[in-house]
Amino acid sequence: MSSESTTVSSNFLRVIIEDDLATGKHESIVTRFPPEPNGYLHIGHAKSICLNFGLARQFGGRCHLRFDDTNPAKEELEYIESIKESVRWLGFDWGEHLYYASDYFDQLYQWAEHLILQGKAYVEELTADEIRKHRGTLVEAGVESPYRNRPVEENLDLFRRMRSGEFPDGAKVLRARIDMAAPNMNLRDPVLYRIIHAPHPHVGDSWCIYPMYDFAHGQSDAIEGITHSICTLEFEDHKPLYEWFLDNLPVPSHPRQYEFARLNLTYTVMSKRKLHELVTQSLVNGWDDPRLPTLMGIRRRGYTPAAVRAFCERIGVGRSDSWIDMSILEDCVREDLNECAPRVLAVLRPLKVVIDNYPADQIDEFEAANHPQKPEMGSRKVTFSRELFIEQDDFAEDPPKGFFRMTPGGEVRLRYAYIVRCTGVVRDDNGTVIEVHCQYDPASRGGSASDGRKIKGTIHWVSASNAQDAEVRLFDRLFTDPNPDRGGIDYKQFLNPDSVVTLTSAKVEAGLATVDSETRLQFERQGYFRLDPRDSLPDRLVFNRIVTLKDAWTKK
RNA sequence: AGGGGUAUCGCCAAACGGUAAGGCAACGGCCUCUGACGCCGUCAUCUCUUGGUUCGAAUCCAGGUACCCCUGCCA
């Protein structure tokens, strides 16, 4: 289908893997993409997915899809299905390797008892608030819990009773016994298990105690034989804990954690909380709103998986906080669509044109290329008649300097058809031009001047005789500020009031009545569009603008 | 008693002691029946800063500075 530039450049992870393979540390690599099923995936996750699956693919290893489902209070089946679909849509396949951290709950539980037996874990009875107070601060050591030194047998008994459901939520937790004075807060006796009497989306109600992320993640990696456990920077502080569990438990392998900088994109927000707020407050229309950076939104908008993959490759991977400009993503979309999108004529804001010297009852047809650079994509017939529609923007009574579209007295080419000269206009009561009159040059049939004169401007048009009506949704950036997320100001203040402009009287080529919603089209001189898979009906076409074409004119 | 990170062109990002890749953007120009696409050219004597080591430093050392992350029974 679509092209994909394969300019692969070096990054620190590839270097590490190449080295591990070269030295024989690993014969092949195993990575994993570990989402928590508590929300929908967004473009930031795409970076991680492309990284993990991409690395595995590049080095001939494998990548697991593992749901980090350790908190039933927040997770849902719907998210699991949605995440799987998004990963597949992006073009990756986990094959047999679909896992759930919850599949390891038995083993994790055994390991928790193992720590208790070793005197390295204890049942805490302080409240959450008391635990917080005992934890100390960034610059002060914590205080040990009075329950920290209770006998192994007592811990074991209590933990087993926690598991059997004897205590209510929050009554007790299991803690690792590490160091309340550790400068790394994660080592100040972190919570391992908490009581949550809630059904789990994957394992039902077989448990009422659930492991924390820290107690589940590294061990899950170890169970699966993950060689390179890649996560975002904020987990760097957790690495000593990650290592501590691997060192203190009889795990089958010892994965290594590596961190990279998460994706930040300008003109959007990526936090789950904010996305959720936009959706629930109806500031956008659902999780798949085409303006959202969610994978569902991007997909509905019409971005292609290949474009997203190219984007992830283009931005690279590093360890420094970075902000990627939205224009890079948009450019990747254009690059992909330019290759594969058939060209078509569509008028977004119609202005009626009458060719006065063209017979009223005459209909003609012209051959139009589906892709000027790719004859193999074929051509189609477009019909021409006395009355046409052109873009309002393509006519100017009083043209600015450098304007070379239709102007009174001037010549312009109607793409694939004829050269016409504007001879007059018709106005409404307000003086607004509502109709333009032209004379066509019969000798220019097909668009070329018989005398070889150069016509600078070529504009698109659609025959009034058989144009299809359509609604067109022009999407723009959701926010007016590159960083709506910056502190201090409510990000919603930066919502772009024109993030979607709905045009209800567009006129498109007759042939578009039957296009498939998966087809991405280029409306010549306008941008790339596709039928909205949700709202478009056979008798009521709705097009989404995926991205505009670059425009060197309005930029001036 | 704090800990962990990061600083290379407007935005990303290579470079692993041998004399600053690449992409995007920008700016010139060419081409053009899409002001698109494509093509050509320009774009860091310099790597946050100050010193030091070295024949040689973005890379090593020392001291500054700036920014990010960490005090959930979230992940």
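Chain A is the first sequence line, chain B the second, and so forth, proteins listed ahead of strands; every chain is numbered from 1.
- When distances run from any side-chain atom of A:Arg525 to the nucleotides B:G3, B:U34, B:C69, the shortest one goes to B:U34.
- In this structure, A:Ala182 reaches the bases: a heavy-atom distance under 4.0 Å links it to at least one base atom across the strands shown.
- When distances run from any side-chain atom of A:Ile328 to the nucleotides B:C11, B:G35, B:C73, the shortest one goes to B:C11.
- For B:G22 and B:C73, the C1' atoms lie 48 Å apart once the distance is rounded to whole Å.
- Across all strands shown, A:Val15 has heavy atoms under 4.0 Å from base atoms, whether or not it also approaches the sugar-phosphate.
- In this structure, the nucleotide among B:C70, B:A13, B:A75 sitting nearest to the side chain of A:Leu138 is B:C70.
- Contact of A:Arg132 with B:G72 (side chain to base): no donor-acceptor pair of N or O atoms is detected under 3.5 Å.
- Straight-line distance from the CD atom of A:Glu140 to the C1' atom of B:U71: 11 Å, rounded to whole Å.
- Nucleotides B:G51 and B:G18 are separated by 24 Å at their P atoms, to the nearest Å.
- Contact annotation: A:Arg319 side-chain N/O to B:G4 OP1/OP2 distance is not under 4.0 Å.
- Of all non-hydrogen atoms in A:Leu345 and A:Val462, the two that sit nearest each other are O-CG2, 3.6 Å.
- The 12-atom threshold is not exceeded at CZ of A:Arg262, counting heavy atoms of other residues, nucleotides or ligands nearer than 6.0 Å.
- The side chain of A:Ser322 places no N or O atom within less than 4.0 Å of a non-bridging phosphate oxygen (OP1 or OP2) of B:C11.
- Listed pair A:Lys239 / B:G4 fails the phosphate criterion, with no side-chain N or O lying under 4.0 Å from OP1 or OP2.
- Formation of a donor-acceptor pair under 3.5 Å by the A:Asn483 side chain with backbone atoms of A:Tyr267 is not found in this model.
- Nearest to the side chain of A:Asn186, among B:A36, B:C70, B:G3, sits B:C70.
- Look at CG on A:Asp189: it is 16 Å from P on B:U71, rounded to the nearest Å.
- Counting non-hydrogen atoms under 4.0 angstrom, A:Ser448 reaches a base of the nucleic acid.
- With B:G72, B:G3, B:A36 as the choices, the nucleotide that has an atom nearest any side-chain atom of A:Pro183 turns out to be B:G3.
- For the segment residues 453-462 of chain A, the set of residues with a heavy atom within less than 4.0 Å of an atom of RNA chain B comprises A:Lys456, A:Thr458, in numerical order.
- Side chain A:Asp237 to base B:G3: a donor-acceptor pair is found below 3.5 Å.
- Cation-pi contact between A:Arg163 and A:Tyr109: present, with separation from the ring centre below 6.0 Å and deviation from the ring axis of at most 45°.
- Under the 3.5 Å distance criterion, the side-chain polar atoms of A:Arg194 are left unmatched by any main-chain donor or acceptor of A:Gly170.
- Base contact: A:His238 has a heavy atom under 4.0 Å from a base atom.
- Contact of A:Gln522 with B:U34 (side chain to base): a donor-acceptor pair of N or O atoms is detected under 3.5 Å.
- When distances are taken from the side chain of A:Phe235 to each of B:G2, B:A13, B:A75, the shortest belongs to B:A75.
- In this structure, A:Trp553 counts as stacked on the base of B:G35 under the 5.5 Å centre distance and 30° plane angle limits.
- At least one side-chain nitrogen or oxygen of A:Arg135 sits closer than 4.0 Å to the OP1 or OP2 atom of B:G72.
- If you check every strand for non-hydrogen atoms under 4.0 Å, A:Arg175 touches nothing.
- A:His197 meets the ring pair (Phe, Tyr, Trp, His ring centres under 6.0 Å) test with no other residue; sequence neighbours excluded.
- Checking side-chain atoms of A:Thr232 against main-chain N and O of A:Glu234 turns up no donor-acceptor pair under 3.5 Å.
- Within the 4.0 angstrom heavy-atom criterion, no nucleotide atom of any strand lies near A:Pro34.
- The phosphate of B:C74 (OP1 or OP2) has a side-chain N or O of A:Arg194 nearer than 4.0 angstrom.
- Helical stems in RNA chain B, defined as runs of 3 or more consecutive Watson-Crick or G-U wobble pairs with both donor-acceptor distances under 3.5 Å, are listed by first residue as B:2-7 with B:65-70, B:10-12 with B:22-24, B:26-30 with B:38-42, B:48-52 with B:60-64.
- Closest to the side chain of A:Val173, out of B:G35, B:A25, B:C73, is B:C73.
- The phosphate of B:A15 (OP1 or OP2) has a side-chain N or O of A:Ser10 nearer than 4.0 angstrom.
- Listed pair A:Ser320 / B:A13 meets the phosphate criterion, a side-chain N or O lying under 4.0 Å from OP1 or OP2.
- Aromatic ring centres of A:Phe384 and A:Tyr418 lie closer together than 6.0 Å.
- Residue A:Arg334 has no polar side-chain atom (N or O) positioned under 4.0 Å from OP1 or OP2 of B:U34.
- Closest approach to the A:Val191 side chain among B:C73, B:A14, B:G5 is made by B:C73 (side chain taken as heavy atoms from C-beta onward).
- Among the nucleotides B:A36, B:C73, B:C24, the one closest to any side-chain atom of A:Arg314 is B:C24.
- For A:Lys550, taking side-chain heavy atoms from C-beta onward, the closest of the listed nucleotides B:G35, B:C69, B:A25 is B:A25.
- Base contact: A:Ile131 has a heavy atom under 4.0 Å from a base atom.
- If you look at A:Tyr242 and A:His238, their ring centroids are not closer than 6.0 Å.
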